[in-house]
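A short write-up of the structure that comes next.
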Amino acid sequence: MEALKKRILQDGKCFEGGILKVDNFINHQMDPILMKSMAVEFVRRFAGTKINKVMTIEASGIAPAIMVGYLLELPVVFAKKKKPSTMQGMISTTVHSFTKDKAYDVCVSSEYLHPGDKVLFIDDFLANGNAARGVIDLVEKAGAELVGMGFLIEKAFQDGGAYLRSKNVHVESLAIIESLDHCQIKIKD
């Protein structure tokens with residue numbers, strides 16, 4: 001998606017260790033016009049796929065997931081990083097955050113993720129695929145079906161995308177970063 005690629009090159013910041021900071025337009029301050037355009041592109045890419053629920057993990061995936069859910073007129077569920085005291089029928093798994101180098105127990109209520117649901121997962125980044133693996137586990141535990149995963153940005157130099165594709169997951173990434181070597185952002189054409 002050209003608008004996203006252009007914005008990454010214009011406003012993205014690179015840090016040592018393969019970190020791409022896009023917090024001024026995606027995951028801290030958000031550009032709602034760009035967010036809507038990205039959601040429209042996901043709807044186009046997953047057209048013809050039977051979906052009845054959009055899912056993400058808090059917090060950075062919520063905005064794009066909400067936009068996709070709005071356009072598809074579907075409910076959006078997000079896995080929580082802390083178990084609310086009021087949650088019943090909890091389904092949980094552990095996810096390791098690449099950015100924060102910390103493991104989280106994430107959970108979702110079985111009230112909102114049912115057997116037979118056809119789930120589209122939307123998130124901001126695909127790096128090592130830890131959040132995606134956690135969602136796959138949650139969806140399987142719920143008896144639901146994962147029909148696809150959409151990511152705003154994929155880091156192709158990390159193994160998450162290759163892993164998901166090897167498991168025959170329908171993956172769509174709007175911008176694919178080939179390299180962040182020497183803090184130079186190289187995006188796949």
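One is the number of the first residue; the rest follow in order along the sequence.
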Check side chain to side chain contact (heavy atoms under 4.5 Å, CB included) between Ala39 and all other residues, then give those that pass, not counting sequence neighbours.
Met67, Val68, Leu71
Measure across Gly69 and Val76 and return the closest heavy-atom pair with its distance rounded to 0.1 Å.
CA-CG2, 3.7 Å
What's the shortest heavy-atom distance between Ile122 and Val54, and which atoms?
CG1-CG1, 4.0 Å
Set of side chain to side chain contact (heavy atoms under 4.5 Å, CB included) partners for Lys118, sequence neighbours left out
Lys50, Asn52, Glu145, Val147
Rounded to the nearest 0.5 Å, what separation is found between the CD atom of Glu172 and the OG1 atom of Thr49?
8.5 Å
Is a salt bridge present between Glu41 and Arg45, judged by a nitrogen-to-oxygen distance below 4.0 Å?
yes
Taking a hydrophobic cluster as the set of Ile, Leu, Val, Met, Phe, Trp and Tyr residues connected by side-chain heavy atoms closer than 4.5 Å, whether directly or through intermediates, do Met1 and Val22 fall within one such cluster?
yes
Check whether Leu146 and Ile57 end up in the same hydrophobic cluster, where Ile, Leu, Val, Met, Phe, Trp and Tyr are linked by side-chain heavy atoms less than 4.5 Å apart.
yes
Tell me, which pairs form a ring-ring contact (aromatic ring centres under 6.0 Å, His included) where one or both residues lie in residues 12-43, sequence neighbours left out?
none
Rounded to the nearest 0.5 Å, the CG atom of Asp123 sits from the OG atom of Ser60 at a distance of 7.5 Å
The side chain to side chain contact (heavy atoms under 4.5 Å, CB included) partners of Glu178 (sequence neighbours excluded) come to Lys186, Lys188
Asn128 side-chain N/O to Asn130 backbone N/O, donor-acceptor pair under 3.5 Å:
no
Excluding sequence neighbours, so at least two apart, what forms side chain to side chain contact (heavy atoms under 4.5 Å, CB included) with Ala156?
Ile176
As a quick check of understanding, evaluate side-chain contact (heavy atoms from CB on, under 4.5 Å) for Asp23 and Gln29, giving each step before the final call.
CA-CA 6 Å; Asp23 69 341; Gln29 172 177 273; over 6 Å; no
Reported OH-to-NZ distance for the pair Tyr104 and Lys81, which is rounded to 0.5 angstrom
4.5 Å
Atom OH of Tyr112 with >12 non-hydrogen neighbours under 6.0 angstrom:
no
Tell me, with the steps shown, if Ile136 and Leu164 meet side-chain contact (heavy atoms from CB on, under 4.5 Å).
CA-CA 10 Å; Ile136 290 169; Leu164 293 174; 3.7 Å; yes
Within one Ile-Leu-Val-Met-Phe-Trp-Tyr cluster: Val108 and Ile66, side-chain cutoff 4.5 Å:
no
Residues in salt bridge (Lys or Arg N to Asp or Glu O under 4.0 Å) with Lys80, at least two apart?
none
Considering residues at least two apart in sequence or located in another chain, which fulfil the side chain to side chain donor-acceptor pair (under 3.5 Å) criterion with Ser173?
Glu154
Membership question, hydrophobic clusters at under 4.5 Å side-chain separation (ILVMFWY): are Leu9 and Phe157 in the same one?
yes
Kindly check if the number of other-residue, nucleotide or ligand heavy atoms within 6.0 Å of CD (Glu16) is above 12?
no
Is the shortest heavy-atom distance from the side chain of Thr93 to the side chain of Asp105 under 4.5 Å?
no
Which heavy atom of Met55 sits nearest to which heavy atom of Val139, and what is that distance?
SD-CG2, 4.2 Å
Contact check, side chains of Thr56 and Asp124, non-hydrogen atoms, under 4.5 Å
no
Rounded to the nearest 0.5 Å, what's the gap from CZ on Arg133 to CG on Leu138? Could you check?
14.5 Å
With sequence neighbours left out, the residues meeting side chain to side chain donor-acceptor pair (under 3.5 Å) with Ser179 are Asp181
Please name all residues satisfying side chain to side chain donor-acceptor pair (under 3.5 Å) with Asp159, sequence neighbours left out, ordered by chain then number.
none
Whether Lys53 side chain and Leu120 backbone form a donor-acceptor pair below 3.5 Å:
no
Kindly write out the residues that satisfy side chain to side chain donor-acceptor pair (under 3.5 Å) with Lys141, not counting sequence neighbours, or none if the list is empty.
Asp137
Can you run down the ring-ring contact (aromatic ring centres under 6.0 Å, His included) pairs that involve residues 161-181, sequence neighbours left out, and say none if there aren't any?
Phe46-His170
Applying the 4.5 Å side-chain criterion to the ILVMFWY set and letting contacts propagate, would Ile62 and Phe151 be lumped into a single cluster?
no
Can any side-chain N or O of Asp117 pair as donor or acceptor with the backbone N or O of His114 at less than 3.5 Å?
yes
Note: Met35 and Ile26 closest approach over all heavy atoms is CE-O, 3.8 Å
Show every ring-ring contact (aromatic ring centres under 6.0 Å, His included) that has at least one partner inside residues 65-87, sequence neighbours left out.
none
When rounded to the nearest 0.5 angstrom, what is the spacing between SG in Cys14 and CG in Leu180?
4.5 Å
Under 3.5 Å donor-acceptor, Lys5 side chain and Ile187 backbone
no
Side-chain donor or acceptor of Gln158 paired with backbone N/O of Ala127 under 3.5 Å:
no
Looking at every heavy atom in both Val119 and Ala144, which two are closest together, and how far apart are they?
CG2-CB, 4.2 Å
Report the distance from atom CG of Leu126 to atom CG of Leu152, rounding to the nearest 0.5 Å.
11.0 Å
For the residue pair Thr94 and Ala103, what are the closest heavy atoms and their distance?
CG2-CB, 4.1 Å
Would a distance-only check, ignoring hydrogens and angles, find a side-chain to backbone donor-acceptor pair under 3.5 Å from Ser92 to Cys107?
no
